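Quick note on labels: first sequence line is chain A, next is B, and so on, each numbered from 1. Just so we're clear, the structure is a prediction, and the values are computed from it rather than from any experiment.
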There are 2 protein chains.
Amino acid sequence: MPQLTIEDIARLAGVSRSTVSRVLNSQPSVRPAVRNRVQEVIAAYGYTPQAAARQLVTQRTRSIGLILPDNVYNLFGNPIFALMGQGVSQVCTQQGYRSLLFMGRQDMDEQDMFKLLRGREFDGIVLISSNANDACAAFLKETGIPYVRIGHEPGQDDLQYVDVDNAEAARIAVKHLIWLGHRRIAMLKGLSRDTCSADRYQGYKEALEEAGISLDPELVGEGNWSTASGYVLTKRFFAA
Amino acid sequence: MPQLTIEDIARLAGVSRSTVSRVLNSQPSVRPAVRNRVQEVIAAYGYTPQAAARQLVTQRTRSIGLILPDNVYNLFGNPIFALMGQGVSQVCTQQGYRSLLFMGRQDMDEQDMFKLLRGREFDGIVLISSNANDACAAFLKETGIPYVRIGHEPGQDDLQYVDVDNAEAARIAVKHLIWLGHRRIAMLKGLSRDTCSADRYQGYKEALEEAGISLDPELVGEGNWSTASGYVLTKRFFAA
DNA sequence: CTGTTAGCGCATTCAT
DNA sequence: ATGAATGCGCTAACAG
């Protein structure tokens, strides 16, 4: 079935395109009777305006792109991303936007991905990444595409990101363990490419130092954020 | 900075829009010298055609929408979805398409979601769902939007889906346990709303019956696909 | 091989 | 309050 256009609806409702457009965008200046008639026709034929056409004229898509770290195990295996994604989605929906998670970061050529981002299919990008030199982050900054990053790099001077205070969080956690009476406290670090790993380690070191506990290198290990690496390292800690 | 259009590139390269369009779409009928010149200008200005405009004229977006079951814990917490998503993404990339995961199924009004799907932002939809009455599946079928479903409903007569033989899979698994010498075999069912749950249970029953093992209701429990429910039920099995 | 012309479907002036 | 006209940026005949 050939999809109906706004023109068809206008004809069927006996009005002009402009009027249909007005009810589509719920503008007030339409006589109630006319509005109803148009809405009935729209409903009867299940008409929905074509996104591309309205995007072309308005120059906005009302959709937000979500980009996650490239590791697929992180992508779906780490519950933190589910929570972040959920939050992004909720706010988008609430504001009349929609969020779409870009799926191709594992298998798509980087340049092709950039081309997509430059094609203005998204009004803005939410990039989740604490990777210290994420090519995508660099690209977004350079091109001026509207974005916000969850996570950041050390030298970042602009305010394009939101992040937690990783060092302080680690400090609090370690202090808590010390308060509970523990003295032998291990640290399972994440990937060194992610800045949060170093930040947390920093907090860990500071809390130990403050408590006068000397750091035991045997109790520090570097994982890759996977549960498997956590398991292996934890076993090693207990063997030590 | 005002984004450049194909028109600007044409002027800068001293050719017409059509020629620029031709090199953009890598059509052969362009003199190498001209092609190079155009490509240089494109690269120099970092120009990328606006997706909406070309979508409007070609009536295709080259993007595939991926829709997952509504439960967010399933969404990111169940590794099977990571694998499926990965597969979809790989094939899309390989074919010059891109895949986008729709994020709003938890928090968006169903009608708004349908509106999005009808807006032709996706050339096709991949719906992952074995939910026996998934409203989205019904909608897709009714509207004639191109889609394929991973998972299916009992009475489905068309060929719009791909699925594994759940009953046979369960049969094989149970037979294997029996072959190993076990006689006391429990079944941890999934949500009853998903057809695969009943299918697998069917296979379980058949395999037991075939081996002359009577089914012990104490060893059958219904979870909700979460690891937590699996843990609780498994403990109950061992207590029984 | 290249330029000219004509829309794609919609929102948005500008008239009325 | 409504309609007619215009253009968003691009591809696709059609000429030449």
Side-chain angles (χ1 to χ4, degrees), chain A residues 1-39 41-42 45-63 96 115-123, chain B residues 1-39 41-42 45-63 96 115-123:
Chain A
M1 53 185 120
Q3 287 295 334
L4 296 185
T5 74
I6 195 174
E7 184 78 87
D8 300 318
I9 301 300
R11 196 164 15 75
L12 289 165
V15 297
S16 73
R17 292 194 300 246
S18 319
T19 301
V20 177
S21 176
R22 288 186 185 104
V23 346
L24 242 29
N25 298 287
S26 41
Q27 284 174 228
S29 61
V30 177
R31 212 157 20 118
V34 177
R35 176 185 304 279
N36 286 335
R37 187 149 39 90
V38 173
Q39 280 172 333
V41 175
I42 288 176
Y45 289 85
Y47 165 76
T48 302
Q50 189 169 322
R54 82 191 326 181
Q55 285 170 16
L56 178 58
V57 56
T58 61
Q59 291 296 78
R60 52 189 313 189
T61 65
R62 290 201 157 278
S63 69
K115 205 168 290 183
L116 167 64
L117 296 179
R118 269 188 314 209
R120 313 210 229 354
E121 302 204 42
F122 303 105
D123 287 351
Chain B
M1 49 185 122
Q3 286 296 333
L4 296 186
T5 74
I6 195 174
E7 184 78 9
D8 299 318
I9 301 300
R11 196 162 17 75
L12 289 164
V15 296
S16 74
R17 291 193 301 250
S18 321
T19 300
V20 177
S21 176
R22 285 185 187 105
V23 345
L24 243 28
N25 298 286
S26 42
Q27 285 175 232
S29 60
V30 177
R31 208 155 27 115
V34 178
R35 177 185 304 279
N36 285 336
R37 185 149 39 91
V38 173
Q39 281 171 334
V41 175
I42 289 176
Y45 290 85
Y47 165 75
T48 302
Q50 189 169 321
R54 82 191 325 181
Q55 285 170 15
L56 178 58
V57 56
T58 61
Q59 291 296 77
R60 50 188 320 193
T61 64
R62 291 201 155 277
S63 69
K115 205 168 289 182
L116 167 63
L117 296 179
R118 268 187 314 209
R120 312 211 229 356
E121 302 205 42
F122 302 104
D123 287 351

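You can see that DNA chain D meets the heavy atoms of chain B within a 4.0 Å-exclusive cut from D:dG9 to D:dA13, reading 5' to 3'.
A:Tyr47 approaches A:Thr5 most closely through the heavy-atom pair CE1-C, 3.8 Å. Smallest separation of non-hydrogen atoms from B:Pro28 and B:Arg35: O-NH2, 3.5 Å. Residues B:Val20 and B:Ala10 share a closest heavy-atom pair of CG2-CA, 3.6 Å.
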What's touching nucleotides 10-12 of chain C from the protein side, N or O pairs under 3.5 Å?
unit_1	atom_1	unit_2	atom_2	d
C:dC10	OP1	A:Tyr47	OH	2.5
C:dC10	OP1	A:Gln50	N	3.0
C:dC10	OP2	A:Ile6	N	2.3
C:dC10	OP2	A:Tyr47	OH	3.4
C:dA11	OP1	A:Asn25	OD1	3.4
C:dA11	OP1	A:Asn25	ND2	3.3
C:dA11	OP1	A:Arg54	NE	2.9
C:dA11	OP1	A:Arg54	NH2	2.6
C:dA11	OP2	A:Ser21	OG	2.9
C:dT12	O4	A:Ser18	OG	3.3

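Partners of A:Asp123 according to the side chain to side chain donor-acceptor pair (under 3.5 Å) rule, which considers only residues two or more places apart in sequence or in another chain, are A:Thr61. For A:Asp8, the salt bridge (charged side-chain N to carboxylate O under 4.0 Å, His left out) partners two or more places apart in sequence, or in a different chain, are A:Arg11. Residues that satisfy the side chain to side chain donor-acceptor pair (under 3.5 Å) test with A:Gln59, not counting sequence neighbours, are B:Gln50. Residues passing the side chain to side chain donor-acceptor pair (under 3.5 Å) test with A:Glu7 are A:Arg17, sequence neighbours excluded. Scored by the side chain to side chain donor-acceptor pair (under 3.5 Å) test, B:Arg118 finds A:Thr48 as partners (sequence neighbours excluded). Among residues two or more places apart in sequence or in another chain, the side-chain contact (heavy atoms from CB on, under 4.5 Å) test is passed with A:Arg22 by A:Ser18, A:Thr19, A:Gln27, A:Ser29, A:Val30.
A:Thr19 comes within 4.0 angstrom of the backbone, heavy atoms only, and of no base.
If one axis is set at each end of the helix from C:dC1-D:dG16 to C:dT16-D:dA1 from five pairs, those axes are 40° apart, to 10°.
For the pair A:Leu56 CG and C:dC8 C1', the computed distance is 9 Å after rounding to whole Å.
Within the structure, salt bridge (charged side-chain N to carboxylate O under 4.0 Å, His left out) pairs that include any residue of residues 48-61 of chain B do not occur (at least two apart or interchain).
Where B:Pro28 and B:Gln59 meet DNA chain C, the nucleotide closest to each residue was compared, and B:Pro28 sits on the side nearer the 5' end.
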